There are 2 protein chains.
Amino acid sequence: MANLSDVARKAGVSVTTVSRFLNGSLSLPEARAQQIRDAVSELRYVPNPHARRLSRGRSDAIGLVVPDIAGPFFAKLVAAVEEEADRRGLGLVLHATLNRPAREVRYLDSLRMRHLDGMIFVTNRAADAALLDAVRSCRHLVLLDEDVPGADVPKVFCDNEAGGRMAGSHLAAMGHRSVLFVGGASEMISGRRRYRGFEQELQRIADGPVRIERVLGPYTPETGRDAARHYLQMDPRPTAIFASSDDIVIGLIEVLRDALITIPDDVSLIGFDDVGPLHLFAPPITAIRQPVRELGGRALGIVLDTLRNDTGEPAPTEELLPVTLVERASVAPPAGRSNAAVNRRASP
Amino acid sequence: MANLSDVARKAGVSVTTVSRFLNGSLSLPEARAQQIRDAVSELRYVPNPHARRLSRGRSDAIGLVVPDIAGPFFAKLVAAVEEEADRRGLGLVLHATLNRPAREVRYLDSLRMRHLDGMIFVTNRAADAALLDAVRSCRHLVLLDEDVPGADVPKVFCDNEAGGRMAGSHLAAMGHRSVLFVGGASEMISGRRRYRGFEQELQRIADGPVRIERVLGPYTPETGRDAARHYLQMDPRPTAIFASSDDIVIGLIEVLRDALITIPDDVSLIGFDDVGPLHLFAPPITAIRQPVRELGGRALGIVLDTLRNDTGEPAPTEELLPVTLVERASVAPPAGRSNAAVNRRASP
DNA sequence: GTGCGCTTGTAAAACGCTTTACCGAGGGTG
DNA sequence: CACCCTCGGTAAAGCGTTTTACAAGCGCAC
């Protein structure tokens, strides 16, 4: 495998000249330039990336750490980041934490040790002091999707509060006054904000007494199953459920179906994320859609900005990307209350 | 940031000694060892990975290239490989080809240029000469899930033919004699083998005339939609459909539902992959399940074997991992033919 | 003709590690 | 006593770039 000095020898110049020419920091008269280009192609020279990285002190690769890869939300996120990284000629090294604190810290360390130029970090659990410390001591890090409160690094989230408001307003407009909110643990910003927006708008539109019960837990099918079991024991039962993730929807449907509860006749259901094939479920599930692709792209963009513009430490921003309501067939007016003010969609 | 010579100075020994001690190629009397350990922890020394890689000529990272990341099958595959790589202390650099030939070749080049120690490669399209060339010239490469015929590298597939047989035997046992096979383009080994096993076993069990129609195409929802449209125009219509991927199932259901065809009353459906939430569809879909986790783990294992045992070039193997039939509620005896020999499962 | 600055280079020092080749001392063996 | 081996350790040569510091040649203004 040819190296720089082979090229230099063949072209009859020094390695420095070749290196600088190839990196564009030296312009040569056409004759010389062509000699070098010829040597490169004859020798099929390709710079050794390890040497280059050692010399330059950077790796042209960024890290992406997510709690999990297999689920549809993170899978789409990873895909979005990978695509954007590739477009910019960056490598992407991928890590899954499986929500284990030790791993989160370990991967952050690998950023601090300069294995990587930058990192996009998404966590899924309530942050603790160790994580906060680790995050704080990192440069070129951006937090995505979920907060680590107190960390002064750039952050990119979807507009969770607006999403909550959309869900609340949709349910309220359909006539629901008693709902079950099932969502993320309240120490997590996404959960808190979704709930806040939801409650606010539900109250505002309902313009009368509303009842909101809550089941909290991680964004997993298990939380959905728990919530469904709780729902089954409630009396009276709420007329609608706001599930704040796709996975929660999945668990919910599983046990609701077994209990012969039908959606939306017995209870309305609205989800959050909208990355899985929710449109194929029975019935197709109405949900708040997160802009996954934009989330990933924007996060990468910010990492690169902090790389370029290393001076001046720009004020860490918190960016909110807009969500949208995707109406399908899982939300209807409450049973026994045929709300004429509402244009009910047919469920297949 | 401390480096090796700082540690050596502090411990009062030479860099060589520290390096060899730290890498386990030198064992020292306890006193010396402790001096070095102390120096390391006082200085918070961590070896510079770029330097180490340059020096050793390897990166302790392997590549994983897949056609796409966002879909559930590849997402699960990526997750499996990542987990296994992490367990072994290896980095994972991820690339998506989006089925673009140029990208496939480019990523293979990056393996040949020694950017990475090894690579797991999964393609999704019929191979061409350029791809074959690229694959052939790579070392420490393993092909996963889909073949590049003619390449003499290790390969890991699921047992597609056995999966086909299972589907065929299941449908035949239920009484189906006229079926629609929708599957991968026939230049692709997975498609060919699934079909071969399917046809073989269907014929064998049916023990009489059977009719198999085929719709071929990539493993995408669009192929499923095409197939469904084709199905709707057939006369007489087949009584069962074998869709050889989850994505095909999704497309199929979409248009079948719109056409008010119900499963399994009007037509039985059996899928392949079983990685999405098929159990939540209406009805839950019976499918052949691929051992995704094992596939990923095994592929990585083989890459590492070729790394360790670089001499002797062991005969490239083709390993087949077993699939299983997961019975749900989308297969029933053909309408109007209440087959008493069959224990029909209730569909919810 | 001296000094200045631009062009076209070059030599050599990092970058931080691994690894090869050696070497002295101590201890057993014949 | 000569010999050989092992243990504990060292010096130095890579690994393949980038980058800094410097220089020869040359035109040009003063």
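So that the names make sense, note that chain A is the first sequence line, chain B the second, and so on, each numbered from 1. The structure presented is a predicted model; accordingly, all values stated were derived computationally and were not measured.
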Once you build an axis from the first five pairs and another from the last five of the helix from C:dG1-D:dC30 to C:dG30-D:dC1, how far apart in angle are they, to 10 degrees?
60°

Assess the side chains of [X] and [Y]: does a donor N or O sit below 3.5 Å from an acceptor N or O?
| X | Y | value |
| --- | --- | --- |
| B:His115 | B:Ser110 | no |
| A:Ser137 | A:Arg112 | yes |
| A:Thr16 | A:Ser19 | no |

Taken to the nearest 0.5 Å, the spacing of A:Leu144 CG from A:Glu146 CD works out to 10.0 Å

Can you tell me how far apart CZ (B:Arg32) and CG (B:Leu26) are? Round to the nearest 0.5 Å.
11.0 Å

Distance under 4.0 Å to a non-hydrogen atom of chain B counts as contact; along DNA chain D, which nucleotides mark the start and end?
D:dG8 to D:dG16

Between A:Leu132 and A:Pro149, which heavy-atom pair has the shortest distance, and what is it?
CD1-O, 3.6 Å

Could you go through residues 85-92 of chain B and list every donor-acceptor pair under 3.5 Å that involves a side-chain atom there, pairing it with any protein atom two or more places apart or in another chain?
unit_1  : atom_1 : unit_2   : atom_2 : d
B:Asp86 : OD1    : A:Arg106 : NH2    : 3.0
B:Asp86 : OD1    : A:Tyr107 : OH     : 2.3
B:Asp86 : OD2    : A:Arg106 : NH2    : 3.1
B:Arg87 : NE     : B:Glu84  : OE1    : 3.4
B:Arg87 : NH2    : B:Glu84  : OE2    : 2.9
B:Arg88 : NE     : B:Glu84  : OE2    : 3.3
B:Arg88 : NH2    : B:Glu84  : OE2    : 3.1

Pair listing, salt bridge (Lys or Arg N to Asp or Glu O under 4.0 Å) test, anchored in residues 64-77 of chain B, at least two apart
none

Can you list every pair that meets ring-ring contact (aromatic ring centres under 6.0 Å, His included) and has a residue in residues 53-75 of chain B, with sequence neighbours left out?
none

C:dG9 C1' sits how many Å from A:Gln35 CD, rounded?
13 Å

If only atom types and distance count, is the side chain of B:Thr317 paired as donor or acceptor with the main-chain N or O of B:Glu319 below 3.5 Å?
no

Under 4.0 Å protein heavy-atom contacts per nucleotide of nucleotides 16-25 of chain C, with B for base, S for backbone only and - for none
BBBBB-----

